[in-house]
Amino acid sequence: MAKQIEKTYNPLIEEAIYKRWLEKGYFHAEPDERRQPYTIMMPPANITGRLHVGHALTFTIQDILIRFNRMRGYNTLWMPGTDHASISTEVKIVDAMAEEGLSKRAIGREAFLERAWKWRDEYGGIIVQQLKLLGVSCDWDRERFTMDEGLSRAVYEFFIHLYNKGWIYRAEKLINWCPKCKTTISDAEVEHEDMEGSLYYFKYPIEGGGFIEFATTRPETILGDTAVAVNPDDERFMGVLGKTVIIPFIDRRIPIVADDYVDKAFGTGAVKITPAHDPNDYEVGLRHNLPIINVMNDDGTMNSAAGPYAGQTREECRGNIIADFKRQGLYIKTETISHAVGTHERCGEVIEPLIKMQWFVRMADLAKPALDVYNSGGLKIVPPRAGKIYAHWLENIRDWCISRQLWWGHRIPAYYCEACGKVFVGKEAPETCACGHKRFRQDEDVLDTWFSSALWPFSTLGWPEKTRELAHFYPSNVLVTGYDILFFWVIRMTFAGLEMMGDVPFHDVMFHGIVRDEFGRKMSKSLNNGVDPIQVIQEFGADALRLMLVTGNALDNDTRFFCGRLETSRNFLNKLWNATRFALMNLDGDEPRGEPEVMDKWIISRANQVSKEVTERVDSYDIGMAAQIAYDFVWDEYCDWYVEMVKPRLYNREDPTRPAAMRTLLDTLIVCLKLLHPFVPFITEEIFTILQDKDETLMYAAWPEYSEARFYPEEEEAVDRLKAAVKGIRAARLEMNVAPSKKINAVLVSSDEGVRGFFTDIQKSFAILAGAKETYVRADKTGIDDNAVSVVINGATVYLPLDELVDKDKETERLKREKKKLEAEVERAEKKLVNEGFMKKAPRELIAEERGKLEKYKKMMADVTEQIERLAL
RNA sequence: GGGAGUUUAGCUCAGUUGGGAGAGCGCUUGCCUUACAAGCAAGAUGUCAUAGGUUCGAGUCCUAUAAUUCCCACCA
């Protein structure tokens, strides 16, 4: 009894399928020493996050790799989780509190953390719920959170380990300060933006007479100046070197020093030195033993060291200083310049370099192994140019400031004796200090959120315990992510893994592009051009979204989001659905086997070849091309050709070749489903279930591997000939205005001996494809109606006798066009074959190939000429 | 200031070791052919950014130029 399914595919089934997968535990992986593991660590989603199309892309790619390898028989673990996202989350909570009129300070640390955990429980799972709609097959049983007890333990273990090695230290250094978030940030979090700015020229009076002119972009830092520097080779300043200048308004006396750092050509050649507020000036200050005067508060306002300007904001103070210089006649001019300004990548606030006591990770010894493992090939990065960026960053790495003046995160495991201030680093405060005191105060700061993310590849597997999971699944196979977190995360995971596990956290890193809007712009809140993937899934289904995001994209290229492309994907799914519908309509139940015909062998051979190509592409992370190859095979070869060819055999229940046709139709459909499953898991699973009529999942079905036994080159060539003939006939019919629905009585093939057998074998299919009732195959050309239109292909001429009188002029014209094309081909081949250089240096196979082509086209040209002559009679 | 990418049909993009320029969308023409009109068939469309070079042969390799995007960087 033939089964029936809807005429149009409806993706509404996705939800139920995902639920079934979950219930069956198909996503779960257990360590199994007898099996080869395949592991991906999912980049933990921020608990502040909602799913956006960028997530949809990265998780689709990972799911494709996971599903592919699961089908290939690997013991596949995809580890999911969420990240506490220290600063992002804290900012959100603070904002939410502000709406209630509350502040961090008002409610205190404990109450704040209570709120934060509540926030996490409430919003932390949103993205996880949304991910499920996308169809991701990660092991939810193992879901982790960066502030779980176990993961927190790993953080402290790592911190203490580095501290004991002397690689974590506390020091007063110049750091990046965000006056808005009121915390330090790392170098990686500073974004440098070129901005139009003003360069102000002023002069300081020199003690004993005269002035020295200088230029600055930041007049407010004049209050923290402790020197003026000039280049030691600059003759203009020889006379004033060593003299003292007076900073007006605050009457500070500072020296004029010589330092190589100063560029003679820039500005006036003299630079004001503010060690507390500029990295370069800080270095100069160290060299000349200059005092460091901090003139700013943590919120960016001027402090008491700013004298009369205390309490003003940076911007107010700047205006007032300029006005005061003018008033005293010490202002010279203002120039407009473009210069780089550092901003906080999270809030956009202009960064203030400040001197502060902070915790740092010494990077030199950690960076070296991470660089070595890359240079020696132990870590593969695709695309290769990303590897160069990785190496460059590590070669120029600076120490990592890890302390943050925040509350949400892992609190620094350092304790200070309340009596003598001595520092102890450990999981807990010691009993007694060396000074005999017993009371300690824990460091107030928390760690940079990436400090815990760095451990993700092994902390999630139970480290520092020696778990079976760790032994089996570490290191992971590949990390899939965007370029934006190369420095934040990828590099830090690498050195953390090498240091604590003695091995890379992943063998490969794959970077992909981003999803842009239809105009090629980045999606952003300010442009309001974001696409909500949940809405897309509701309208088109997750499969259509997934397929659209990856199909036909080069591996590291950005992709554009188009509604049109989404429709193309949906249409493809519908095509697949209808191919299934077609198969089901012809299915009888138990299908006997039979000896495959030429066309069966052709599609089997093609499916075999396509399996190989898809496998190779996915293996080399060329996901876009893999999807494209599978897509093209299903639509162009399976649906458009094979299904059409096989129809006469299926329609005739008496046809002895029917079982083989049915068998091949089904088998190939299943190969299609398998090849497509990693990309579009829902529809393929649904169809597989319908076809199998039993509760078996496609997720664990064996991946189609290439086999030499299913390679049929002769059948492939034969079907290529058939396709050429059919295409020629269709074109001729359209030109002669013979409607496709109009069946002509017969097509007649007169062919060379070599291919005659083939046309005899496929007579029925050929007739159907040509829109004729019958096909006759002959050696000679007897019985050709004067009224026949002819189509010449390689090795045969096909005649279409038409009922109506053929317009001989029109037909002659058509044939002449054909002849012209062939002439061009002949000419091209001949030109190559008389070229001495080509004959001497081209590979022998190529020459033989060209000779073959020449012969073929010459023969076809003769055949066409014969047809033209026939009409002329 | 340094580095990387991109430039191919009207639009969006493929093009794996150099060996006859491709897809999707759009467009034109003909079809509701018993899987699918979310479909079928047949078409049209390209100085492969520019200028040189290597080679028998260049979209593909080399050099320069232009446009564009991105990353890195402490010139006040």
Side-chain angles (χ1 to χ4, degrees), chain A residues 5 7-9 174 192 199-200 214-218 221 229 261-263 265-274 278-284 337 339-340 342 353 383 385-386 388-389 392-393 396 483-484 486-487 518 520 522 551-554 556-560 562-565 567-586 616-617 620 622 624-625 628 631-632 636 639-640 643-644 647 651 726-727 730-735 737-743 768 771 825 828-829 832 835-843 845-847 849-850 853:
Chain A
I5 57 175
K7 197 169 165 181
T8 306
Y9 172 62
L174 197 79
H192 295 275
L199 181 64
Y200 304 95
F214 64 95
T216 179
T217 52
R218 304 200 54 199
T221 62
Y261 151 69
V262 181
D263 178 357
F266 192 92
T268 65
V271 188
K272 63 188 248 358
I273 300 297
T274 323
D278 183 276
N280 295 304
D281 293 9
Y282 179 71
E283 296 297 323
V284 174
I337 58 158
H339 66 138
R385 64 191 166 87
K388 286 193 230 163
I389 299 172
H392 183 257
W393 171 272
N396 297 285
Y483 292 99
D484 50 339
L486 172 62
F487 307 129
E518 59 176 313
K522 244 181 182 165
T551 306
N553 243 81
D556 59 327
N557 227 3
D558 291 349
T559 181
R560 290 195 196 195
F562 278 111
C563 254
R565 290 186 57 202
E567 282 167 15
T568 303
S569 295
R570 179 201 54 186
N571 294 353
F572 173 76
L573 299 178
N574 196 48
K575 188 79 183 171
L576 180 67
W577 183 256
N578 272 287
T580 307
R581 190 158 173 264
F582 173 79
L584 289 172
M585 287 170 82
N586 292 286
E616 285 170 357
R617 296 292 183 163
S620 56
D622 195 356
M625 192 49 77
Q628 189 70 57
Y631 176 108
D632 288 343
D636 299 343
C639 291
D640 285 349
V643 167
E644 294 305 321
K647 275 177 178 173
Y651 289 163
V726 169
K727 275 170 168 286
R730 284 169 177 166
R733 286 178 59 125
L734 192 70
E735 190 149 357
N737 294 318
V738 182
S741 52
K742 181 175 161 47
K743 282 238 191 301
I768 284 249
E825 294 293 351
R828 195 193 57 79
K832 271 201 163 177
N835 184 330
E836 262 180 60
F838 179 79
M839 295 305 285
K840 221 186 283 177
K841 294 186 180 170
E845 309 85 67
L846 197 69
I847 294 173
E849 200 183 312
E850 284 300 327
K853 282 181 191 170

(message) Can you see if the side chain of A:K7 gets near the phosphate of B:rA37 - specifically, an N or O under 4.0 Å from OP1 or OP2?
(response) yes
(request) Please state whether the base of B:rA41 and the side chain of A:E644 form at least one donor-acceptor pair under 3.5 Å? (result) no
(request) Go through the side-chain N and O atoms of A:Q628 and A:D632 and say whether any donor and acceptor fall under 3.5 Å apart. (result) yes
(request) Would you give the length of the straight line joining atom SG of A:C639 to atom CG of A:N578, rounded to the nearest 0.5 angstrom? (result) 9.0 Å
(request) Could you check whether A:N396 gets within reach of a base, just the sugar-phosphate, or nothing at all, counting any heavy atom under 4.0 Å? (result) nothing
(message) Rounded to whole Å, how long is the line connecting atom CG of A:N553 with atom C1' of B:rG22?
(response) 16 Å
(message) How many whole angstroms separate atom CG of A:D558 from atom P of B:rU7?
(response) 13 Å
(message) Can you identify which nucleotide, out of B:rC36, B:rA41, B:rA14, has its nearest atom closest to the A:R730 side chain?
(response) B:rA41
(message) What's A:R828 touching, base or sugar-phosphate or nothing? Going by heavy atoms closer than 4.0 Å.
(response) base
(request) To the nearest Å, give me how far apart CZ (A:F838) and P (B:rA58) are. (result) 13 Å
(message) Using a 4.0 Å heavy-atom cut-off, does A:A731 contact any base of the nucleic acid, only the sugar-phosphate backbone, or nothing at all?
(response) sugar-phosphate
(request) Select from A:N737 and A:K388 the residue whose nearest nucleotide in RNA chain B is closer to the 5' end of that strand. (result) A:K388
(request) Would you mind reading off the distance between A:R617 atom CZ and B:rA14 atom P, rounded to a whole angstrom? (result) 13 Å
(request) To the nearest 0.5 Å, tell me how far A:R581 CZ sits from A:Y9 OH. (result) 15.5 Å
(request) Pick base, sugar-phosphate or nothing for A:P353, based on heavy-atom distances below 4.0 Å to the nucleic acid. (result) nothing
(request) Could you work out the separation of B:rA9 and B:rG3 based on their P atoms and round it to a whole Å? (result) 30 Å
(request) Would you classify A:G564 as touching base, sugar-phosphate or nothing, given that sugar-phosphate means primed atoms plus P, OP1 and OP2, and contacts are heavy atoms under 4.0 Å? (result) nothing
(message) What contact category does A:K727 fall into here, base, sugar-phosphate, or nothing, at under 4.0 angstrom with non-hydrogen atoms?
(response) sugar-phosphate
(request) Mind listing the residues from residues 569-578 of chain A sitting with a heavy atom below 4.0 Å of RNA chain B? Number order is fine. (result) A:R570, A:N571, A:N574, A:K575, A:N578
(message) Within the 4.0 Å limit for protein heavy atoms, which parts of nucleotides 71-76 of chain B are touched? Write it as a string from 5' to 3', B for base, S for sugar-phosphate only, - for none.
(response) -SSBBB
(message) Once you apply a heavy-atom cut-off of 4.0 Å, does A:T551 come out as touching a base, just sugar-phosphate, or nothing?
(response) nothing
(request) Give the dot-bracket string for RNA chain B, reading 5' to 3', where a pair is Watson-Crick or G-U wobble with both distances under 3.5 Å, ( ) marks pairs inside the strand, [ ] marks pairs crossing earlier ones, | marks a partner on another strand, and . marks unpaired. (result) (((((((..((((.....[..)))).(((((.......))))).....(((((..]....))))))))))))....
(message) Rounded to whole Å, how long is the line connecting atom CD of A:E567 with atom C1' of B:rC25?
(response) 10 Å
(request) Please figure out whether A:F562 or A:E836 has its closest RNA chain B nucleotide nearer the 5' end. (result) A:F562
(request) Report which part of the nucleic acid A:M625 touches: base, sugar-phosphate, or nothing (heavy-atom distance under 4.0 Å, all strands). (result) sugar-phosphate
(request) Would you kindly give the CD-to-C1' distance between A:Q628 and B:rU12, to the nearest whole Å? (result) 13 Å
